[in-house]
*Asks:* 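So that we are looking at the same thing, I have put the structure below in structure tokens.
To find a chain, count down the sequence lines: A is the first, B the second, and so on, and within it residues start at 1.
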Amino acid sequence: MRLFDTLSRTERELLPIDGSTYRFYCCGPTVYGPAHIGNFRTFVLQDVLRRTLETGGTRTLHIRNITDVDDKTIRDSQSAGQSLKQFTTGWTEKFHVDCEKIGLLEPHIEPGAVDHIPQQIAMIQKLVEKGHAYASDDGSVYFKISSFPGYGRLSRLDQRELEIGKTQNARSSSDEYEKDSLSDFVLWKGRRAEDGENFWPSPWGEGRPGWHLECSAMIQEYLGDSFDLHSGGVDLVFPHHENEIAQSECACGGHFAAQWFHITHLLVDGGKMSKSLGNLYTLADLAERGFSAMEVRYVLIGAHYRKPLNFTLDSLSGAREAMAKLAKAARQLAAKADPETRLVSADFGPFQAAWDSLNNDLNTPGALGGIFTGLRDAANLTGPEAAAALAGFNRLLRALGLTLPEEIGQDAVEIPESVRLLAEARWQARLAKNWAESDVLRAELTRQGWLVKDGKDSYTLELND
RNA sequence: GGCGGAGUAGCCAAGUGGUAAGGCAAUGGUUUGCAAAACCGUCAUUCGAGGGUUCGAUUCCCUCCUCCGCCUCCA
């Protein structure tokens with residue numbers, strides 16, 4: 001497959017460096033609260049990338065870290081009256097539940113920062129030895145940007161911008177840490193009173209690792225000097241990924257990531273998502289409004305990853321309808337498919353265009369469109385052809401990580417006795433052709449939130465949204 | 001101010017130097033006591049605005065407008 005690379009700004013074929021396994025790293029969540037749908041846009045697209053590679057026959061090694069020590073985790077664990085470990089473990093577990101609901105494959109390795117302190121210290125030592133880092137009087141260690149000429153290539157910052165950043169920042173944080181240059185960033189933070197119990201010994205005194213360094217050290221640990229792809233939300237391009245490149249290439253001497261994959265942020269109702277605007281949604285928030293995580297996933301893959309996605313509650317309703325339509329079409333195809341057909345072909349049949357879209361810079365909306373047109377084209381197929389088409393359809397859905405809704409069973413919803421009686425009375429009135437009575441009873445059921453659908457010989461009740 | 005991205009039907013959203021995928025909604029028909037559901041149709045001479053290049057531009061170039069992101073630890 002081909003994918004746009006942030007660093008070279010070109011589309012490139014994704015081929016494993018080692019010729020066998022595509023090894024990639026994704027910046028994971030900072031576990032100090034529930035992940036929101038913006039976080040999940042990134043994780044879902046990374047998941048689709050992996051699934052597409054695997055569906056195409058490429059083996060993968062997927063690593064996604066957990067940031068379990070930083071300013072926010074420390075601050076919020078303290079106000080929660082918990083140890084950092086208790087606090088981050090709790091949120092990590094909740095994150096995993098959400099991941100499963102939204103259909104994310106588990107990463108092959110999910111390292112946490114706190115478990116890799118020695119590796120981080122070792123990397124800092126190497127940087128100090130090579131003259132890329134220096135300690136300050138307060139026990140912090142900084143990376144010396146001027147020692148790495150390649151700094152700014154990923155985010156296209158030139159020296160002038162760095163200087164501007166320097167002066168802009170001079171006022172706000174001049175009393176925080178000592179630095180030779182204000183654009184140098186911290187590798188190790190000297191222990192401060194507000195860190196409480198959260199500090200570790202190091203050659204520079206007690207303290208804790210800087211955020212940027214975590215990823216570099218864990219990548220070194222599990223992927224070595226060079227690997228295939230590094231990914232995260234666009235906001236991480238600068239400074240996080242820029243700093244990782246500097247740290248890792250200076251410490252290890254490799255080429256670090258061969259490819260960079262950044263996912264654009266989503267908008268909510270056309271604007272930025274934020275707590276203060278009341279439009280920051282978590283999966284739990286949306287579940288309360290009656291939307292499943294899989295419906296959220298459908299919306300999240302409904303726009304190209306390099307374009308802003310405007311998330312609305314209406315689009316979630318649309319996702320529900322669209323998925324129901326897919327499920328129905330799939331059932332119809334399955335009913336006509338020859339069950340004896342053994343599939344050996346890697347062909348996608350009517351869904352080839354959808355598969356091609358996915359492989360062309362991960363064009364998920366194009367793939368979804370291709371699925372619908374493929375389904376239309378497959379409508380008249382029968383026997384072995386229908387079976388082959390169904391197989392292509394299923395492979396595509398797996399690549400997208402979509403699980404379609406099952407047929408809702410008769411007793412899927414608990415129906416209160418009073419409602420059941422009302423519905424039964426209405427049915428009898430209807431059989432007696434007492435339309436007026438029937439309509440009154442239906443209005444009452446509607447008022448109570450129930451939708452009646454009349455069939456030929458019976459009726460169904462559905463909970464209205 | 002610097003850098004990067006986006007503006008396509010009511011909404012979400014692909015795409016392309018050769019005349020606009022798909023989904024939702026809406027709407028017409030069939031069906032239904034009426035609805036709902038289902039099925040069959042319809043639904044952008046037009047792609048933020050104005051110039052330019054071209055046989056031809058939504059697609060390339062220029063200007064402008066609007067929106068969004070980053071500019072030191074936010075996916």
*Asks:* Would you state whether a donor and an acceptor, one from the side chain of A:Asp439 and one from the base of B:G33, lie under 3.5 Å apart?
*Replies:* yes
*Asks:* Cut-off 3.5 Å, side chains only: do A:Asp314 and A:Ser317 have a donor facing an acceptor?
*Replies:* no
*Asks:* What's the verdict on side chain to side chain contact (heavy atoms under 4.5 Å, CB included) for A:Leu362 and A:Met1, showing C-alpha distance, side-chain angles and the deciding distance?
*Replies:* CA-CA 8 Å; A:Leu362 208 64; A:Met1 73 172 295; 3.8 Å; yes
*Asks:* A:Arg430 side chain: which of B:U32, B:C74, B:A14 is closest?
*Replies:* B:U32
*Asks:* Which is true for A:Gly369 with a 4.0 Å heavy-atom rule: it touches a base, it touches only sugar-phosphate, or it touches nothing?
*Replies:* base
*Asks:* Measure from the ring centre of A:His304 to the centre of the six-membered ring in the base of B:A13, then say whether that distance is under 5.5 Å and the planes meet at under 30°.
*Replies:* no
*Asks:* With side chain to side chain donor-acceptor pair (under 3.5 Å) as the test, would you mind laying out the steps for A:Tyr25 and A:Gln46 before giving the verdict?
*Replies:* CA-CA 10 Å; A:Tyr25 184 93; A:Gln46 290 163 343; over 6 Å; no
*Asks:* Between A:Val299 and A:Ala319, which heavy-atom pair has the shortest distance, and what is it?
*Replies:* CG2-CB, 3.7 Å
*Asks:* Between the base of B:G33 and the ring of A:Trp435 - centre-to-centre under 5.5 Å, planes within under 30° - is that a stack?
*Replies:* yes
*Asks:* Which nucleotide, B:G22, B:A14, B:C39, lies nearest any side-chain atom of A:Asn363?
*Replies:* B:A14
*Asks:* Test for a donor-acceptor pair under 3.5 Å between the base of B:C71 and the side chain of A:Arg156, counting only N and O atoms.
*Replies:* no
*Asks:* Heavy-atom nearest nucleotide on RNA chain B for A:His265 versus A:Arg376: which residue maps closer to 5'?
*Replies:* A:Arg376
*Asks:* Can you tell which of B:G23, B:A6, B:A13 lies closest to the side chain of A:Ala322?
*Replies:* B:G23
*Asks:* Looking only at side-chain atoms of A:Asp454, point me to the closest of B:A6, B:C34, B:C71.
*Replies:* B:C34
*Asks:* Describe the nucleic acid contact of A:His240 in one word from base, sugar-phosphate, nothing, applying a heavy-atom distance below 4.0 Å.
*Replies:* nothing
*Asks:* Assess, by modelled atom type and distance only, whether the side chains of A:Asp285 and A:Thr282 contain a donor and an acceptor separated by less than 3.5 Å.
*Replies:* yes
*Asks:* Provide the full list of salt bridge (Lys or Arg N to Asp or Glu O under 4.0 Å) pairs with a residue in residues 361-377 of chain A, sequence neighbours left out, each pair given once.
*Replies:* A:Arg306-A:Asp361
*Asks:* Kindly point out which of B:C24, B:C70, B:G22 is positioned nearest to the side chain of A:Lys325?
*Replies:* B:C24
*Asks:* Tell me if the side-chain of A:Lys189 makes a donor-acceptor pair with the base of B:C73, cut-off 3.5 Å, by modelled atom types.
*Replies:* yes
*Asks:* Name all residues meeting the side chain to side chain donor-acceptor pair (under 3.5 Å) criterion together with A:His240; count only those two or more places apart in sequence or in a different chain, and write none if there are none.
*Replies:* A:His212, A:Glu244
*Asks:* How would you label the contact of A:Arg9 with the nucleic acid (heavy atoms, under 4.0 Å): base, sugar-phosphate, or nothing?
*Replies:* sugar-phosphate
*Asks:* Side chain of A:Leu309 only, heavy atoms from C-beta on: which candidate in B:A75, B:C73, B:A13 is closest?
*Replies:* B:A13
*Asks:* Out of B:C71, B:A13, B:A75, which has the shortest distance to the side chain of A:Pro239?
*Replies:* B:C71
*Asks:* Give one of base, sugar-phosphate or nothing for A:Gly232, where a contact means two heavy atoms less than 4.0 Å apart.
*Replies:* sugar-phosphate
*Asks:* Which nucleotide wins on minimum distance to the side chain of A:Asn310, given the candidates B:A75, B:G23, B:A13?
*Replies:* B:A13
*Asks:* Which one, B:A35, B:G33, B:A75, comes nearest to the side chain of A:Arg442?
*Replies:* B:A35
*Asks:* With pairs defined as Watson-Crick or G-U wobble and both distances under 3.5 angstrom, please note down RNA chain B as a dot-bracket string, | for pairing with another strand.
*Replies:* (((((((..(((.....[...))).(((((.......))))).....(((((..]....))))))))))))....
